[in-house]
Amino acid sequence: GAVVSQHPSRVICKSGTSVKIECRSLDFQATTMFWYRQFPKQSLMLMATSNEGSKATYEQGVEKDKFLINHASLTLSTLTVTSAHPEDSSFYICSAIGTSGGELFFGEGSRLTVL
Amino acid sequence: KQEVTQIPAALSVPEGENLVLNCSFTDSAIYNLQWFRQDPGKGLTSLLLIQSSQREQTSGRLNASLDKSSGRSTLYIAASQPGDSATYLCAVRTGNQFYFGTGTSLTVIP
């Protein structure tokens, strides 16, 4: 199946700094990518839908100035957590829709810890 | 709005048993349904994709069925193994929106 790569898998940062997470579709072009946040023992919470060449669509309650999403190419979307605080610590996962049959593929996830 | 429910929330079985995981959804106008597996601290791995026109899909020991009219899907795992222990999620696609169930946490006891 198609491969989505997410980097870094783990990141620890100090409060007030910004962190960038990359999501790449390795063997297909993804016009649409999704960013999720997952709390322990809970299902995925959609944060935003990222569309290549246009502004991301954020879910209600997600601060777009806090979580900056850039989808600059058909294979790369980035999520930047700006001025991170401890409450931003979480597991962030991206996904992309494959080109055959509409299958959804996920990255490996990124564990963010803000000290 | 589409709502997806998975029952049971947790399941523990001895190795070798066959088991069924359930997924139900409220709006039958779906594009497809997908089953995923998630290991602790990892992303989701796609297991099976069923298009809205299909009734079932099989991959190895896994078989997923879809009954759109009743809003149900099942994931059948044959001859379970300890390596099958994980959380299983179903996701329903409507347009470009995906709705996820809360998952079933499966433990296969050696």
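Because the structure is a prediction, the values reported are computed rather than measured. The analysis underlying the following values was restricted to heavy atoms, covering all of them including side chains, and did not include hydrogens, waters or symmetry mates.
Hydrophobic clustering of Ile, Leu, Val, Met, Phe, Trp and Tyr side chains at less than 4.5 Å, counting indirect connections, unites B:Trp35 with B:Val4. Both B:Val13 and B:Tyr88 sit in one connected hydrophobic cluster of ILVMFWY residues. Membership requires side-chain heavy atoms under 4.5 Å apart, directly or through other members. Transitive grouping of hydrophobic side chains (ILVMFWY, heavy atoms separated by less than 4.5 Å) brings A:Ile21 and A:Val62 into a common cluster. Linking ILVMFWY residues whenever their side-chain heavy atoms come closer than 4.5 Å, directly or via other members, leaves A:Leu74 and A:Met33 in distinct clusters. Follow the hydrophobic side-chain contacts under 4.5 Å out from A:Ile69 and you reach A:Leu112 in the same cluster.
Only the side chain of A:Gln38 comes within contact range of chain B, with at least one heavy atom under 4.5 Å from a heavy atom of that chain. Only the side chain of A:Ile97 comes within contact range of chain B, with at least one heavy atom under 4.5 Å from a heavy atom of that chain. No part of B:Gln97 comes within reach of chain A, as not one of its non-hydrogen atoms sits under 4.5 angstrom from that chain. Proximity to chain B is limited to the side chain of A:Ile93, based on heavy atoms less than 4.5 angstrom apart.
Taken to the nearest 0.5 Å, the CD atom of A:Glu108 stands 9.5 Å off from the OG1 atom of B:Thr45.
With hydrogens and angles ignored, the 3.5 Å screen pairs no side-chain donor or acceptor of A:Glu103 with any backbone N or O of B:Leu49. The closest donor-acceptor contact from the side chain of B:Ser46 to the backbone of A:Phe105 lies at 3.5 Å or more, if one exists at all.
Looking at heavy atoms from C-beta onward, A:Thr32 lies in side-chain contact with B:Asn96 at the 4.5 angstrom threshold.
Within a 6.0 Å radius of CD in B:Gln54, other residues, nucleotides and ligands contribute more than 12 heavy atoms. Within 6.0 Å of the NE2 atom in A:His85, the count of heavy atoms belonging to other residues, nucleotides or ligands exceeds 12. Under a cut-off of 6.0 angstrom, the local environment of NZ in A:Lys64 is sparse, with at most 12 non-hydrogen atoms contributed by other residues, nucleotides or ligands.
For the pair B:Gly43 and A:Phe91, the tightest heavy-atom approach, listed with the atom from each and the gap, is N-CZ, 4.3 Å. For the residue pair A:Ser43 and B:Gly101, the shortest heavy atom distance occurs at OG-O, 2.8 Å.
Among A:Val4, A:Leu104, A:Leu46, A:Leu44, the residue making the largest number of heavy-atom pairs under 4.5 Å with chain B is A:Leu104.
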